Amino acid sequence: MTPSSARPAKPASGRWIPWAFVAGLALVIAVNAALIWFAVGSFSGLAEAHPYQAGLEYNRTLAEARAQDALGWKADLSIAPTSVPGAVRVTASLLDGEGRAIDGAMVEAAFVRPAAKGHDRTALLAPQAEGRYA
């Protein structure tokens with residue numbers, strides 16, 4: 001083969017480079033769109049019926065907590081599984097500021113799930129003996 005009959009090599013073309021940038025940007029946009037879709041679809045938020053009213057009552061809630069702390073009551077709470085699948089036994093022991101058992105109280109346990117409506121449960125604990133409720 002003589003040098004005159006050889007076909008010269010085609011110079012490398014850079015025409016694909018802008019398309020690589022476009023493809024990369026399209027991939028980023030597609031991934032971000034998928035993440036936004038899943039984030040919006042799975043957002044549960046807080047299930048507060050009247051959030052504005054609850055915010056207005058915040059100072060009253062703090063005052064009630066301070067009054068409760070001033071009593072000096074102590075509560076010991078225990079939760080233990082039972083032989084029934086999915087059931088638990090809740091026990092509360094109440095002592096006053098001087099360490100004496102508090103009898104005759106109405107004790108209610110509230111199980112609250114603020115992120116999902118309809119899952120809250122309450123249970124009235126029955127008096128057992130010497131400040132214990134279950």
Side-chain angles (χ1 to χ4, degrees):
M1 221 191 303
T2 61
S4 61
S5 67
R7 219 168 150 189
K10 188 174 181 181
S13 172
R15 299 181 118 185
W16 62 272
I17 294 176
W19 292 110
F21 281 108
V22 170
L25 188 57
L27 177 66
V28 169
I29 290 171
V31 169
N32 283 336
L35 290 175
I36 290 170
W37 174 266
F38 289 121
V40 170
S42 65
F43 177 73
S44 62
L46 292 179
E48 172 63 42
H50 305 285
Y52 180 73
Q53 192 65 28
L56 293 177
E57 294 176 1
Y58 183 68
N59 287 334
R60 183 177 60 84
T61 302
L62 290 178
E64 288 174 356
R66 283 192 294 272
Q68 182 69 34
D69 288 343
L71 291 174
W73 289 11
K74 304 283 185 231
D76 182 31
L77 181 69
S78 66
I79 300 174
T82 63
S83 60
V84 178
V88 295
R89 180 172 177 81
V90 178
T91 305
S93 298
L94 302 178
L95 301 174
D96 65 9
E98 297 172 4
R100 293 180 301 222
I102 300 173
D103 290 322
M106 186 183 88
V107 180
E108 184 178 52
F111 301 93
V112 180
R113 186 174 180 183
K117 288 184 179 180
H119 294 281
D120 298 349
R121 302 284 185 261
T122 59
L124 191 60
L125 303 183
Q128 301 296 308
E130 298 181 10
R132 289 189 51 229
Y133 301 84

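One is the number of the first residue; the rest follow in order along the sequence. None of the values given here were measured: they were computed from a predicted structure.
Here side-chain hydrogen bond (donor to acceptor under 3.5 Å, both in side chains) pairs that include residues 19-39, with residues two or more places apart or in two chains, number zero.
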Acceptor/donor pairs from residues 122-134 side chains to any protein atom, 3.5 angstrom cut, sequence neighbours excluded:
from: Q128; atom 1: NE2; to: A126; atom 2: O; distance (Å): 3.3
from: Y133; atom 1: OH; to: I102; atom 2: O; distance (Å): 2.9
from: Y133; atom 1: OH; to: G104; atom 2: N; distance (Å): 3.2
from: Y133; atom 1: OH; to: A105; atom 2: N; distance (Å): 3.1

Show every donor-acceptor pair shorter than 3.5 Å between a side-chain atom in residues 65-84 and any protein atom, with sequence neighbours excluded, or say none if there are none.
from: T82; atom 1: OG1; to: V84; atom 2: N; distance (Å): 3.3
from: T82; atom 1: OG1; to: V84; atom 2: O; distance (Å): 3.4
from: T82; atom 1: OG1; to: A87; atom 2: O; distance (Å): 3.3

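Note on L35 and V40: separate hydrophobic clusters, where clusters join Ile, Leu, Val, Met, Phe, Trp and Tyr whose side-chain heavy atoms are under 4.5 Å apart, directly or indirectly. The hydrophobic cluster containing L94 also contains V90, counting ILVMFWY residues as joined when their side-chain heavy atoms lie under 4.5 angstrom apart, directly or transitively. Taken together through direct or relayed side-chain contacts under 4.5 Å among Ile, Leu, Val, Met, Phe, Trp and Tyr, I36 and V28 form parts of separate hydrophobic clusters.
Residues passing the salt bridge (Lys or Arg N to Asp or Glu O under 4.0 Å) test with E57, sequence neighbours excluded: R60. Under the side chain to side chain contact (heavy atoms under 4.5 Å, CB included) criterion, L56 pairs with Y52, Q53, not counting sequence neighbours. Under the salt bridge (Lys or Arg N to Asp or Glu O under 4.0 Å) criterion, D96 pairs with R100, sequence neighbours left out.
Side-chain N or O atoms of D120 include one that pairs as donor or acceptor with a backbone N or O of R113 at under 3.5 Å.
In this structure, I17 and R15 have side chains that are not in contact, with every pair of non-hydrogen atoms separated by 4.5 Å or more.
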